[in-house]
*Asks:* 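Before I ask anything, let me first share the structure, which is written out below as structure tokens.
Every number for a ligand or one of its atoms is a count from 1 in the order of the listing.
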Amino acid sequence: MSKILVVSGHPRLNQSLANKTILEALKEKGADFTLLRLDEEGFAPQVEKDQALLKDADIIVFQFPIFWYSYPSLMKHWVEEVFAHGFAYGTGGTALKGKKFQISFTTGSPASAYRTGGPNGHPMEDFLYNFQQIAALCGMEYEEPIYTNGCAFIPGVSPESVKERVIRDCRAHGEKLAQRLEELAK
Ligand SMILES: Cc1cc2nc3c(=O)[nH]c(=O)nc-3n(C[C@H](O)[C@H](O)[C@H](O)COP(=O)(O)O)c2cc1C
């Protein structure tokens, strides 16, 4: 049976609405996965333990909110430390080869902001080339990204209707991710 590792890159998952909802929906759908919470490791990743988790997995999921058009620095730092030369790439670095790589993320901006000439200047896909290249360098299979736009909810500032919509959209996201993982695990 395929093993799934979900790496959560949210720096404060307890305070999250969108990413937490996605992970809860994924669990409720019965997905069988190991969750690695990077907010519990902070900026001092347990490199050997995390490399063992990656090595053991057939499917690797990166779950994160978009921060500054990329993934959170916590997750970037983790990749820098854990996807090391001789492990993930370079001479003898074949530990991730053949694994399936699924990115799953949320944005604050609405979908309409991600277009040429729009507030974010580029379509969403333009911001994702680095993940595609990480997969290529490490010999992983890059799967079609799953993402939900318009997830910014600020408690006490945003109307409750925004919270309800984000929860609804992120539950649907979690269900879609569960379905995708089921297909990838076949
Ligand atoms: C430091 C920071 C940077 C952000 N940068 C972006 C960005 O570049 N593009 C965007 O669409 N949203 C951006 N956002 C909004 C987050 O993506 C959004 O709040 C998040 O996806 C909601 O997920 P959560 O409820 O799990 O925290 C940013 C938020 C923070 C806190």
*Asks:* Give a yes-or-no answer on whether the side chains of Thr116 and His122 include a donor-acceptor pair shorter than 3.5 Å.
*Replies:*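 Side-chain D/A pair, Thr116 to His122: absent.
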
*Asks:* Could you identify the single nearest non-hydrogen protein atom to atom 22 (C) of ligand 1 and state the distance to 0.1 Å?
*Replies:* Cys151 O, 3.6 Å

*Asks:* Any non-hydrogen side-chain atom of Tyr114 less than 4.5 Å from a side-chain atom of Ser109?
*Replies:* yes

*Asks:* Students should be able to answer this: which protein heavy-atom is nearest to atom 5 (N) of ligand 1, and at what distance?
*Replies:*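 In this structure, atom 5 (N) of ligand 1 has Trp68 N, 2.8 Å as its nearest protein heavy atom.
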
*Asks:* So, does Arg165 use its side chain to make a donor-acceptor pair with the main chain of Gly150 at under 3.5 Å?
*Replies:*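 A pair under 3.5 Å: yes.
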
*Asks:* Does a donor on one side chain sit under 3.5 Å from an acceptor on the other, for Thr107 and Asn149?
*Replies:*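 Thr107 vs Asn149: donor-acceptor pair found between side chains.
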
*Asks:* Among all protein heavy atoms, pick out the one at the shortest distance from atom 8 (O) of ligand 1; state its residue, atom name and that distance to 0.1 Å.
*Replies:*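 Sorting protein heavy atoms by distance from atom 8 (O) of ligand 1 puts Tyr69 N, 2.8 Å first.
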
*Asks:* Heavy-atom pairs closer than 4.0 Å: do any link ligand 1 to the side chain of Gln15, the backbone, both, or neither?
*Replies:* neither

*Asks:* Could you work out, for atom 23 (O) of ligand 1, the closest of Asn19, Leu13, Leu17, Val166 by heavy-atom distance?
*Replies:* Asn19

*Asks:* To which of Ile167, Thr106, Ile66 does the heavy atom nearest atom 28 (C) of ligand 1 belong?
*Replies:* Ile66

*Asks:* Check whether the side chains of Asn14 and Arg37 place a donor and an acceptor atom closer than 3.5 Å, and report yes or no.
*Replies:*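 Yes, a side-chain donor-acceptor pair sits under 3.5 Å.
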
*Asks:* Testing Tyr147, Tyr71, Tyr69 for ring pair (Phe, Tyr, Trp, His ring centres under 6.0 Å) with Phe127, which one passes?
*Replies:*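 The passing option is Tyr69.
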
*Asks:* Between Gln63 and Ser8, do the side chains contain a donor N or O and an acceptor N or O under 3.5 Å apart?
*Replies:*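 No - no donor-acceptor pair under 3.5 Å links their side chains.
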
*Asks:* Once you restrict to heavy atoms under 4.0 Å, what part of Tyr114 touches ligand 1? Side chain, backbone, both or neither.
*Replies:* side chain

*Asks:* Tell me: protein heavy atom nearest atom 2 (C) of ligand 1, and distance?
*Replies:* Phe67 CD1, 3.6 Å

*Asks:* What residue and atom, counting heavy atoms only, is the protein's closest point to atom 27 (O) of ligand 1, and at what distance?
*Replies:*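 Of every protein heavy atom, His10 NE2, 2.7 Å lies nearest to atom 27 (O) of ligand 1.
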
*Asks:* Show me which atoms of ligand 1 lie under 4.0 Å from any heavy atom of Ser109.
*Replies:*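 Selected atoms, number and element: 10 (C), 11 (O), 12 (N).
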
*Asks:* What protein heavy atom lies closest to atom 19 (O) of ligand 1? Include the residue and the distance to one decimal.
*Replies:*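 Among all protein heavy atoms, the one nearest atom 19 (O) of ligand 1 is Ala152 CA, 4.1 Å.
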
*Asks:* Using a 6.0 Å cut-off, check whether atom CD of Glu182 has over 12 heavy atoms from anything other than its own residue.
*Replies:*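 No, not enclosed.
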
